[in-house]
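Protein chains get the first letters and strands the later ones, always in sequence-line order, with residue 1 at the start of each. All values derive from a computational prediction rather than experimental measurement.
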Protein chains: 2
Amino acid sequence: MAIIKDISQLRNQILCGDTIKTLRVIPDNSVDLIFADPPYNLQLRDELWRPNQTKVDAVNDAWDRFESFDEYDQFSKQWLVECRRVLKEDGVIWVIGSYHNIFRIGKIMQDLGFWIINDIIWIKSNPMPNFRGTRFTNAHETMIFAVKNRDSHYTFHYKSMKAYNDGVQMRSDWDIPICSGEERIRINGQKVHSTQKPEELMRRIIISTSNPGDLILDPFMGSGTTGSVAKLLGRDFIGIERDENYTRVAQERISKVRTLDEDLLDYPLEKRDPRVPFGSLLASGLIYDGETLYSRDRKFHARVLSNATIVSGDAAGSIHQVSALLQGKPNFNGWNFWYVERDGTMVSVDDLRSLFIKKNYQNIGADV
Amino acid sequence: MAIIKDISQLRNQILCGDTIKTLRVIPDNSVDLIFADPPYNLQLRDELWRPNQTKVDAVNDAWDRFESFDEYDQFSKQWLVECRRVLKEDGVIWVIGSYHNIFRIGKIMQDLGFWIINDIIWIKSNPMPNFRGTRFTNAHETMIFAVKNRDSHYTFHYKSMKAYNDGVQMRSDWDIPICSGEERIRINGQKVHSTQKPEELMRRIIISTSNPGDLILDPFMGSGTTGSVAKLLGRDFIGIERDENYTRVAQERISKVRTLDEDLLDYPLEKRDPRVPFGSLLASGLIYDGETLYSRDRKFHARVLSNATIVSGDAAGSIHQVSALLQGKPNFNGWNFWYVERDGTMVSVDDLRSLFIKKNYQNIGADV
DNA sequence: GACTTCCATGAATCGTTAT
DNA sequence: CATAACGATTCATGGAAGT
């Protein structure tokens, strides 16, 4: 099958078929974010029984069986090559796995040119215990967060994730319960998919590394968590799933999701202030020609010339250059260094810049 | 240099030299535990400055520089091959790394035949933050815990680690601060080694997967944390380190350590009950020839023959076989199924087994 | 001495835009 | 495309210094 020319005909669909063959239909450089939850190659040798002689319902599906590491590597390389091709230059990919497969996956990704930004550990607050007492409880899974090239300008909503994490930057260890209760899809009391991922995981991934309207690809769609959260958060998706039953379940699940209102998807926090030259403050009258700037501790001062350069003894130049020179540092952000006196108190020039933005622009989060 | 015949001449020494060449001197199948902290191949490009314009003292040691992934892979494979050769058949290996290298290391280990038991995440309570707001704080490192072959009978002190962890199974995520304060080795206020590991890590590793008197090998000894904790806990060590300065520091550090008294190193908790055949209870008079065994609910009963087999209707065999047959299960632990009557009350045959052990063995934790 | 404030620092793949 | 200018950006801890 040939590559489809217009990707929009695939938007918000689940394509039922072989992952690698189906990926080959998608055009180059066309998706913004990929989330992949490939088979883990678990290699359980025998059935696993709990101490009370009930059988553990483990991942033993045919899709998780491979003859050898080599066969698994071949398969992994093929779908990863296609993923790299369809990913935009500045796109992001996430792959989740466990110690059975993640080392092989990570090595292949590095070899293909993907550049790893983080490995994120999903710490399960309620993992399955180890029944035999033969090893440590396997209480986590590993996600690789990577970009297409070392110099990719990828989306990363740092401030959102920091706010999400109560004001300190989010770390590489994520504490999230496994998918259970209401969220877990069951038919006649039986779980439909053995490795359904929690929506909390997808929410963090989608919010941190994509924008509303972006196109998200999941080459192993399963029960449709990716599509479900993508739709909720106003992103488009393409899912690939080879099992017809899973496909049906996912389609029904996603159809029930309602996208959040736009005002809930637009984050003023992430908007950058427009660039304001220091001279604009002079022209607007917020700072006066010839007045004196002070450092916070009043140890340094400088005079403002009419061309918006400042002079302090032998040092002359932009507010940035002079503040760096005075401190003997290679560079410095002068906006955070200089103050002026207004009604007897010190006012930061950065606050005056915020005031300028507020007066002259609309809906920009200069006061956040 | 030829392989040394008697490993005892290497015990508790740090061999200063190239890792791979020195490993080749160690005999086959001679060490019980390996801990390896290889170079991470960080590939740092530029300097990094904190927001307050101080420079980050990064890892820029020559030992961490490799030309390419391929060169790093070659190096890794060589030392891992030697480690596998010198490891005893039932020995254990731990390797620590970060996303820069751990995927390559893990893949090579699997290819060489090592069998992964766990990947353990060292979660740092106080990692260095991300200064530029470009990614998630890199707040963990990954350790691979593996054995020589899939069917190795490795040491794992499950009960100790459970007790260590306040009575619940220890999980694969370990919360441990980075090495700082008193523990961090400094000379003239400068850290001696850029990547000194916390002793808490080594303590968990050594206690969980080795026994007192075992021989522990560290092919990248650095500042000597492995040797130091090994000596404290009554294990022998061999360290390899190519830097003479590190070697000297490690030797001095280890010389100051005093091994704990023997009674602090012997854990009755871990001693397994001796295997007691059901027939021993007959012979000792704790159970009588011909008496009746009951299931707890008295739904089932069986008669004890003089050859220690039991019979219940058509079912005949060991206490295990018959209990499984009666319940229609593939197998079952008969010790937990059968009861006898003593003075009008039901007594579990497992309690009689414990009684037998208490009478006939010393210092065994049958009552724990 | 008790308490507060300041400062240094740790395995880090750490930027974007205009000229 | 290289270079220069602009300007955005940190958390937990321990020890020193100050009150």
Side-chain angles (χ1 to χ4, degrees), chain A residues 90 110 114-119 144-147 149-154 156 158-159 162 165-172 270 272-278 309 317-321 323-324 329-338 349-350 353, chain B residues 37-61 63-66 69 72 96-103 122-142 175 177-184 186 189-191 193-198 220 222:
Chain A
D90 292 340
Q110 287 182 314
F114 284 112
W115 189 251
I116 300 178
I117 304 299
N118 279 116
D119 59 332
I144 296 174
F145 159 25
V147 294
N149 299 293
R150 181 166 190 170
D151 54 3
S152 293
H153 297 274
Y154 57 94
F156 181 63
Y158 173 78
K159 290 183 179 175
K162 185 173 172 175
N165 196 38
D166 294 335
V168 290
Q169 50 181 224
M170 193 169 280
R171 305 165 32 120
S172 55
E270 291 289 354
R272 295 181 60 172
D273 288 345
R275 194 177 159 275
V276 176
F278 182 64
T309 62
S318 71
I319 53 171
H320 311 296
Q321 291 169 326
S323 66
K329 288 182 175 173
N331 51 57
F332 203 83
N333 183 350
W335 290 111
N336 299 323
F337 185 80
W338 297 111
V349 294
D350 202 44
R353 177 170 64 154
Chain B
D37 181 13
Y40 285 13
N41 189 23
L42 284 188
Q43 312 167 66
L44 302 175
R45 195 149 44 178
D46 295 310
E47 297 175 335
L48 178 62
W49 294 75
R50 296 189 174 82
N52 67 1
Q53 297 297 310
T54 60
K55 203 175 133 188
V56 172
D57 181 18
V59 175
N60 54 6
D61 309 76
W63 50 253
D64 198 47
R65 283 197 284 269
F66 293 83
F69 279 140
Y72 185 78
I96 185 167
S98 67
Y99 66 86
H100 310 85
N101 69 327
I102 199 66
F103 302 117
W122 167 26
I123 296 171
K124 304 177 182 182
S125 49
N126 49 350
M128 197 190 308
N130 175 271
F131 295 119
R132 306 300 292 264
T134 54
R135 58 187 64 195
F136 299 101
T137 312
N138 187 14
H140 72 275
E141 292 184 27
T142 300
D175 233 305
I178 61 173
C179 180
S180 68
E182 282 276 303
E183 189 182 325
R184 188 92 196 199
R186 291 172 202 278
Q190 295 289 308
K191 60 185 176 192
H193 196 281
S194 52
T195 71
Q196 188 184 339
K197 295 290 174 288
F220 305 93

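Contacts of B/Asp61 with the nucleic acid, taken as non-hydrogen atoms under 4.0 Å apart, are absent. Using a 4.0 Å heavy-atom cutoff across all strands shown, B/Pro177 reaches no nucleic acid atom at all. Within the 4.0 angstrom heavy-atom criterion, base atoms lie near B/Thr195. Contacts of A/Ile117 with the nucleic acid, taken as non-hydrogen atoms under 4.0 Å apart, are absent. Residue contacts shown for B/Ser125 are limited to sugar-phosphate atoms, with no base heavy atom under 4.0 Å away. Across all strands shown, A/Gln169 has heavy atoms under 4.0 Å from sugar-phosphate atoms exclusively, and none from any base.
In the set C/dC14, D/dT10, C/dG10, D/dT10 carries the atom at the smallest distance from any side-chain atom of A/Lys162. Taking only side-chain atoms of B/Gln53, from C-beta outward, the nucleotide of D/dC6, D/dA8, C/dT13 with the closest atom is D/dA8. Here the nucleotide nearest the side chain of B/Arg132, chosen from C/dT13, D/dG15, D/dA8, is D/dA8. For B/Lys197, the listed nucleotide lying nearest its side chain is C/dA11; candidates were C/dA11, D/dT9, D/dT10. You'll find that the side chain of A/Gln321 is closest to D/dC6, out of C/dA12, D/dC6, D/dT10. Among the nucleotides D/dC6, C/dG10, D/dT10, the one closest to the side chain of A/Arg275 is D/dC6. Taking every side-chain heavy atom of B/Ser180 into account, D/dG14 is the closest of D/dC6, C/dA11, D/dG14. Here the nucleotide nearest the side chain of A/Arg272, chosen from C/dG10, C/dT16, D/dC6, is C/dT16. Here the side chain of B/Thr134 is nearest to one of C/dT13, D/dT10, C/dG15, namely C/dG15. For B/Ala58, the listed nucleotide lying nearest its side chain is C/dA12; candidates were C/dA11, D/dC6, C/dA12.
Nucleotide C/dG10 holds its P atom 22 Å from the CD1 atom of B/Ile123, rounded to whole Å. When the P atom of D/dC11 is taken as reference, atom CG of B/Asn52 falls 13 Å away, rounded to whole Å. The CG-P distance, from B/Asp175 to D/dC11, rounds to 18 Å in whole Å. When rounded to the nearest whole Å, the span between NZ of B/Lys124 and P of D/dA12 equals 15 Å. Rounded to whole angstrom, the span from the CD1 atom of B/Ile178 across to the P atom of C/dG10 amounts to 8 Å. Atoms CZ (A/Arg353) and C1' (D/dC6) sit 10 Å apart, rounded to a whole Å. Rounded to whole Å, atom P of D/dC6 lies 9 Å from atom CD1 of A/Ile319. For the pair B/Asp46 CG and D/dA4 P, the interatomic distance rounds to 15 Å; values are reported in whole Å.
Comparing B/Pro129 and B/Pro38 along DNA chain C, the residue whose closest nucleotide (by nearest heavy atom) sits nearer the 5' end is B/Pro38. In this structure, B/Asn126 and A/Asn331 both approach DNA chain D, and ranking their closest nucleotides by distance from the 5' end singles out A/Asn331. Nearer to the 5' terminus of DNA chain D, by closest-nucleotide assignment, is the contact made by A/Ser318 (compared with the other of A/Ser318 and B/Pro51).
With hydrogens and angles ignored, the 3.5 Å screen pairs no side-chain donor or acceptor of B/Asn138 with any backbone N or O of A/Ser172. Proximity of a side-chain donor or acceptor of A/Ser152 to a complementary backbone N or O of A/Tyr154 within less than 3.5 Å is not detected. Side-chain N or O atoms of A/Gln169 include none that pairs as donor or acceptor with a backbone N or O of B/Gly133 at under 3.5 Å. With hydrogens and angles disregarded, no donor-acceptor distance shorter than 3.5 Å links the side chain of B/Thr142 to the backbone of B/Gly97. A distance-only check finds a donor-acceptor pair linking the side chain of B/Asp64 to the backbone of B/Tyr40 [under 3.5 Å]. B/Thr54 places no side-chain N or O within 3.5 Å of a backbone atom of B/Arg50 that could act as its donor or acceptor partner. Panel note: side chain A/Arg171, backbone B/Ile123; no donor-acceptor pair is recorded below 3.5 Å.
In this structure D/dT13 sits in the anti conformation; its chi angle is more than 90° from 0.
Evaluation of atom-type donor-acceptor distances gives a pair under 3.5 Å for the side chain of A/Trp115 against the base of C/dT13. Taking only distance into account, the side chain of B/Arg50 meets the base of C/dG10 through a donor-acceptor pair shorter than 3.5 Å. Remark: the B/Asn138 side chain and the C/dA12 base include no donor-acceptor N/O pair separated by less than 3.5 Å.
Across the P atoms, D/dT9 and C/dA11 are found 26 Å apart, a figure rounded to whole Å. One C1' atom belongs to D/dG18, the other to C/dG1, and the distance between them is 14 Å to the nearest Å. For the C1' atom pair drawn from D/dT13 and C/dT13, the interatomic distance equals 25 Å after rounding to whole Å. Nucleotides C/dA12 and D/dG7, compared at atom P, are 29 Å apart to the nearest Å.
Under the 3.5 Å distance criterion, with hydrogens and angles disregarded, a donor-acceptor pair is assigned to the side chains of B/Ser98 and B/His100. Side-chain polar atoms of B/Asp61 and B/Ser194 form a donor-acceptor pair below 3.5 angstrom.
Remark: A/His320 is not in phosphate contact with D/dC6, judged by side-chain N or O atoms under 4.0 Å from OP1 or OP2. Look at A/Tyr154 and you won't find any side-chain N or O under 4.0 angstrom from OP1 or OP2 of C/dT16. The side chain of B/Lys191 contributes no N or O atom lying less than 4.0 Å from OP1 or OP2 of C/dA11. Regarding contacts with the backbone of C/dT16, a side-chain N or O of A/His153 is found under 4.0 angstrom from either OP1 or OP2. Checking the phosphate oxygens (OP1, OP2) of C/dA8, no side-chain nitrogen or oxygen of B/Arg186 falls inside 4.0 Å.
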Would you write out the dot-bracket form of DNA chain D, 5' to 3', with Watson-Crick and G-U pairs under 3.5 Å, [ ] for crossing pairs, | for pairs to other strands and . for unpaired bases? .|||||....|||||||||

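Between B/Trp63 and B/His193, the angle of the ring planes stays under 30°, which puts this pair in the parallel group of the 30/60° scheme.
Across all non-hydrogen atoms, the minimal contact from B/Arg65 to B/Asn60 is NH1-O, 2.8 Å.
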